[in-house]
Amino acid sequence: MEPIDLFDTAYMDDIKGAGMPLAARMRPKSLEDLVGQEEILGPGRPLRRGIENDRLTSLLLFGPPGCGKTTIATIIAGSTKAHFEQISAVSSGVADIKRIISEAGDRFRVYRRRTVLFIDEIHRFNKSQQDALLPAVENGTIILIGATTANPFFEINAALVSRSQLVRLKPLDDSALNKIITRALKDQENGFGSLQIELTEEAREHLLRNSSYDARNALNGLEIAVLNTPANTDGVIHIGSMEMEEAIRQKVLRYDKDGDQHYDIISAFIKSMRGSDPDAAIYWMSRMLAAGEDPRFIMRRVMICASEDVGTADSMALQVAVAAAQALEMIGLPEAQFAISHAVIYVATAPKSNAVNRAMSGAADIVAQQRGFGAVPLHLRDASYRSAVRLGHGKGYLYAHDYPGNFVRQQYLPDDLSEERFFFPGENGAEKRIAQRLAAWWPDRYEESE
């Protein structure tokens, strides 16, 4: 068999739609062909029944890139008897929306035919553009299908969200991506089934690792590898790990600093530090830095965690966090990554306590209830000016340093709050010693067992 010249596009003449990217050619045409999302589109699921029976309500499909949002819309377009319109929020405006709504109204009045409008990246519409959709969605002139990678509760008008069915799509797992890759290799009509391709397990694993759970990324990587790997003398295209690495030089991290991923990843980072998992914390930190997150934003979260979640169990945590933030300002990245990592690991591995947070919240609640707004006890009042003594200010005040151990028991809270307690030290780290001191100083309020 003569070798195939992959740089001569004649070898793809037998592939339907060969001028299109592989990802577009392999897009499923029916629900039976769809891979993944079984929880919402499996047999018997409400959304699947709605598509099969052509009884759809407005939908907002949201999830990461490459999880099937556009594919679902395409399947609906092929199965519905309604007129189907498709626009992108990137290139369309209010004039396009008004035109489609007007035509939809005429179409229903004359032909009694509904209109389904699919808007890709709907979160890119501004408020006025989204408002223009609302009356037509509300009165049923159009059935809206919006696709977005952003959290609808952040980026879509509340009124539009409330009138739509929210469908959250999950990232595709390795099993689903493997099926998609295998299908593309075997499909003789739209894929590479007419070619002899050997894809090693190492190459497949590399492709999966670098796909970011995105079917489009996986198929694009496969296509680049096939197009850039010459066939051997037997006509076989052998794709090993080296060929796949060449095709995919760098993994694209999915991280939108203004979208849902931003909040999800920083949440995972904070919870990993709070949960005392330094491995997870350093991973999320590295992922944010690699994606271009502002390191100052990361350090602000570390400093907050040092006080909120470590607190007095290890007061050094805040000092280390502040020092790392200062180091960042002085030396910048990439060198400051050592200091940031130092702080992240220290906070993650420090003993944890939310006693500071509880004390702060408890006192704030009292103030918010306007309790304890009585007069400052006379012995605590300012006695630094001449007439203060005549008013009784400072009378009876006991100076702590005049007593053994630099402590003397006296009332510091207002009279109506004298029995209140806000600080409850735990048994982790330094707080155990703090609790012992407080039990000795204030036995009526603090017991050593606590």
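Remember, predicted model here, so these are calculated numbers, not experimental data.
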Heavy-atom side-chain contact between [X] and [Y] under 4.5 Å:
{"X": "Phe269", "Y": "Val302", "result": "yes"}
{"X": "Ile181", "Y": "Leu199", "result": "yes"}
{"X": "Ile119", "Y": "Leu133", "result": "yes"}
{"X": "Ile142", "Y": "Val137", "result": "yes"}
{"X": "Ile180", "Y": "Leu172", "result": "yes"}
{"X": "Val167", "Y": "Ile72", "result": "no"}
{"X": "Ile270", "Y": "Glu308", "result": "no"}
{"X": "Glu293", "Y": "Ile298", "result": "yes"}

What's the spacing between [X] [atom1] and [Y] [atom2] if we round to 0.5 Å?
{"X": "Ile75", "Y": "Leu34", "atom1": "CD1", "atom2": "CG", "value": "5.0 Å"}
{"X": "Phe84", "Y": "Thr115", "atom1": "CZ", "atom2": "OG1", "value": "11.0 Å"}
{"X": "Asn139", "Y": "Ile101", "atom1": "CG", "atom2": "CD1", "value": "8.5 Å"}
{"X": "Thr80", "Y": "Leu56", "atom1": "OG1", "atom2": "CG", "value": "6.5 Å"}
{"X": "Leu41", "Y": "Leu169", "atom1": "CG", "atom2": "CG", "value": "7.5 Å"}
{"X": "His83", "Y": "Ile100", "atom1": "NE2", "atom2": "CD1", "value": "8.0 Å"}

Run the salt-bridge test on [X] and [Y] with the 4.0 Å N-O cut-off and return the result as yes or no.
{"X": "Asp294", "Y": "Arg300", "result": "no"}
{"X": "Arg25", "Y": "Glu223", "result": "yes"}
{"X": "Arg113", "Y": "Glu103", "result": "no"}
{"X": "Arg296", "Y": "Glu329", "result": "yes"}

(request) Please step through side chain to side chain donor-acceptor pair (under 3.5 Å) for the pair Ser267 and Lys271, ending with a clear verdict. (result) CA-CA 6 Å; Ser267 175; Lys271 289 170 181 173; 3.2 Å; yes
Please answer whether the main-chain N or O of [Y] pairs with a side-chain N or O of [X] as donor and acceptor at a distance below 3.5 Å.
{"X": "Arg49", "Y": "Gly44", "answer": "yes"}
{"X": "Asn157", "Y": "Ala159", "answer": "no"}
{"X": "Arg274", "Y": "Cys305", "answer": "no"}
{"X": "Ser79", "Y": "Ile76", "answer": "yes"}
{"X": "Lys69", "Y": "Gly146", "answer": "no"}
{"X": "Glu243", "Y": "Gly240", "answer": "yes"}
{"X": "Arg183", "Y": "Asp33", "answer": "yes"}
{"X": "Asp96", "Y": "Gly93", "answer": "yes"}
{"X": "Ser58", "Y": "Ser164", "answer": "no"}
{"X": "Ser102", "Y": "Lys98", "answer": "no"}

(request) I would like to know whether Arg358 and Asn354 meet side chain to side chain donor-acceptor pair (under 3.5 Å); could you show each step before the answer? (result) CA-CA 6 Å; Arg358 287 188 293 153; Asn354 67 347; 3.2 Å; yes
(message) Could you tell me if Ser175 and Asp173 have a donor-acceptor pair between their side chains, going purely by distance under 3.5 Å?
(response) no
(message) Between Arg99 and Ser92, is there a side-chain donor-acceptor contact under 3.5 Å, judged purely by atom types and distance?
(response) no
Nearest heavy atoms of [X] and [Y], plus distance in Å:
{"X": "Ile237", "Y": "Ala231", "answer": "CG1-CB, 4.0 Å"}
{"X": "Glu121", "Y": "Ser88", "answer": "OE2-OG, 4.5 Å"}
{"X": "Ala203", "Y": "Ile239", "answer": "CB-O, 3.5 Å"}
{"X": "Ala324", "Y": "Ala343", "answer": "CB-CB, 3.6 Å"}
{"X": "Lys170", "Y": "Cys67", "answer": "O-CB, 3.4 Å"}
{"X": "Ala321", "Y": "Met299", "answer": "O-CE, 3.3 Å"}

(request) Apply salt bridge (charged side-chain N to carboxylate O under 4.0 Å, His left out) to Glu32 and Arg48, showing your working. (result) CA-CA 11 Å; Glu32 287 71 24; Arg48 183 177 183 127; 3.2 Å; yes
(message) For a side chain to side chain contact (heavy atoms under 4.5 Å, CB included) check, start with the C-alpha distance between Phe118 and Thr70, then their side-chain angles and the critical distance, and finish with the verdict.
(response) CA-CA 9 Å; Phe118 172 57; Thr70 304; 4.2 Å; yes
(request) Mark yes when over 12 heavy atoms from residues, nucleotides or ligands other than Arg433 sit less than 6.0 Å from its CZ; otherwise mark no. (result) no
(message) Is it the case that atom NZ in Lys179 sees more than 12 heavy atoms from other parts of the structure closer than 6.0 Å?
(response) no
(request) Please test Leu166 against Phe62 for side chain to side chain contact (heavy atoms under 4.5 Å, CB included), starting from the C-alpha separation and ending with a verdict. (result) CA-CA 8 Å; Leu166 298 183; Phe62 70 105; 4.2 Å; yes
(message) Run the side chain to side chain contact (heavy atoms under 4.5 Å, CB included) test on Val322 and Met303 for me, step by step, so that the C-alpha distance in whole Å, both residues' side-chain angles and the decisive distance to 0.1 Å come before the verdict.
(response) CA-CA 6 Å; Val322 171; Met303 288 187 283; 3.9 Å; yes
(request) Take Gln37 and Leu47 through the side chain to side chain contact (heavy atoms under 4.5 Å, CB included) test and state the conclusion after the steps. (result) CA-CA 11 Å; Gln37 312 303 343; Leu47 180 56; over 6 Å; no
